[in-house]
Amino acid sequence: AAGFDELDGFIASSLAQAYVVAGELRAAIEAGERAVSIFERRINLRAACRALWHLNSAANYQGEWEASLAYCGRALEHGIALDDRRLKAVALWRTGFVHIQCGDLQRGIECCDEALALEPVAYDLATARMVRGYGLIKAGRIEDGIAELADVVAWFARAQLPYARSIAALWLAEGHLA
């Protein structure tokens with residue numbers, strides 16, 4: 001009401017992330033869509049990307065692959081418009097993850113390779129490698145995937161990032177079981 005709609009966008013984006021963590025996925029999508037509409041209207045594409053990433057996660061957890069790919073595509077468009085290496089890399093590895101979840105393993109790995117070719121910052125590099133390693137395991141290239149994920153788990157441990165490390169460790173365990 002006071003004209004602070006961009007602040008409302010940040011609040012809605014934060015709520016979307018919290019709702020994803022809490023498993024309230026419909027609420028996450030509602031809040032995330034609201035945030036994206038505010039940020040895109042105000043041409044704050046970086047903030048829009050962050051909200052789109054939350055939407056991507058919520059859609060993934062619901063198995064809504066087309067919606068998830070659409071969110072990734074919008075984030076990639078914003079990254080290209082801003083010529084922002086980080087935004088493009090994150091959109092690509094997230095797109096890769098959706099393809100891997102859908103069984104299009106080759107396309108998923110290719111998206112991760114595209115993200116890696118952008119030489120993103122260390123965190124995004126590790127995350128792209130994590131998704132790529134998971135894709136390699138799913139594609140039957142188990143030893144390659146295990147090697148990739150073991151390195152990523154160690155990097156996340158050194159960086160003191162326990163949440164990301166736990167995901168990579170889970171996928172590494174899956175590789176060992178395979």
Open item on the list: For Arg129, I'd like to know if atom CZ has over 12 heavy atoms of other residues, nucleotides or ligands within 6.0 Å.
Closed with: yes
Open item on the list: Can you give me the closest heavy-atom contact between Ala28 and Val20, atom names plus distance?
Closed with: CB-CG2, 3.6 Å
Task: From Asp151, Val153, Leu149, residue fulfilling side chain to side chain contact (heavy atoms under 4.5 Å, CB included) relative to Met130 - done: Leu149
Task: pair Arg34-Asp8: side-chain heavy atoms closer than 4.5 Å - done: yes
Open item on the list: Less than 4.0 angstrom from a charged side-chain N to a carboxylate O is my criterion; do Glu119 and Arg86 meet it?
Closed with: no
Task: Minimum heavy-atom distance Ala115-Ala128, with the two atoms named - done: CB-CB, 4.2 Å
TODO: Please report the closest heavy-atom contact between Cys72 and Val98, naming both atoms and the distance.
DONE: SG-CG2, 4.4 Å
Task: Pair Tyr71, Glu33: side-chain N/O donor-acceptor within cut-off below 3.5 Å - done: yes
Task: Any side-chain heavy-atom pair of Trp93 and Lys88 under 4.5 Å - done: no
Task: Pairwise side-chain contact, Leu87 with Trp53, heavy-atom cut-off 4.5 Å (strictly under) - done: yes
Open item on the list: Aromatic contact between Phe39 and Phe10, with the criterion being ring centroids under 6.0 Å apart: yes or no?
Closed with: yes
Open item on the list: For Ala31 versus Leu15, what's the shortest heavy-atom pair and its separation?
Closed with: CB-CB, 4.1 Å
Task: Residues Arg107, Asp104: salt bridge by 4.0 Å N-O rule - done: no
Open item on the list: Minimum heavy-atom separation for Val36 and Ala51, please, with both atom names.
Closed with: CG2-CB, 3.6 Å
Task: Polar side chain donor-acceptor pair, Gln17 to Arg50, under 3.5 angstrom - done: no
- [ ] Give, for atom CG of Leu136 and atom SG of Cys112, the distance between the pair rounded to the nearest 0.5 Å.
- [x] 8.5 Å
- [ ] State whether the side chain of Thr127 and the backbone N or O of Tyr123 hold a donor-acceptor pair below 3.5 Å, judged by distance alone.
- [x] yes
- [ ] To the nearest 0.5 Å, tell me how far Leu45 CG sits from His78 NE2.
- [x] 5.0 Å
Task: Trp155 and Leu125: CA distance, side-chain angles, deciding distance, side-chain contact (heavy atoms from CB on, under 4.5 Å) verdict - done: CA-CA 11 Å; Trp155 187 88; Leu125 179 81; over 6 Å; no
Open item on the list: Check this for me: Glu40, atom CD, are more than 12 non-hydrogen atoms of other residues, nucleotides or ligands nearer than 6.0 Å?
Closed with: yes
Task: Full working for salt bridge (charged side-chain N to carboxylate O under 4.0 Å, His left out) between Arg26 and Glu64 - done: CA-CA 12 Å; Arg26 289 287 166 209; Glu64 294 178 1; 2.7 Å; yes
- [ ] Answer whether the closest heavy-atom distance between the side chains of Arg41 and Ile38 falls below 4.5 Å.
- [x] yes
- [ ] Check the pair Leu76, Arg94 against side-chain contact (heavy atoms from CB on, under 4.5 Å), reporting the backbone distance first and the verdict last.
- [x] CA-CA 10 Å; Leu76 183 58; Arg94 284 179 171 275; over 6 Å; no
TODO: Please check if the side chain of Ser13 supplies one atom and the backbone of Gly9 the other of a donor-acceptor pair under 3.5 Å.
DONE: no
TODO: Flag yes if more than 12 heavy atoms outside Ile43 fall under 6.0 Å of its CD1 atom; otherwise flag no.
DONE: no
Open item on the list: Are the side chains of Phe97 and Asn60 in contact, using a 4.5 Å heavy-atom criterion?
Closed with: yes
TODO: Take the angle between the ring planes of Trp171 and Tyr134 and call it parallel below 30°, perpendicular above 60°, tilted in between.
DONE: parallel
Task: Leu172 side, atom CG; Ile137 side, atom CD1 - distance, nearest 0.5 Å - done: 6.5 Å
Task: Carboxylate-amine/guanidinium contact Arg132 Glu110, below 4.0 Å - done: no
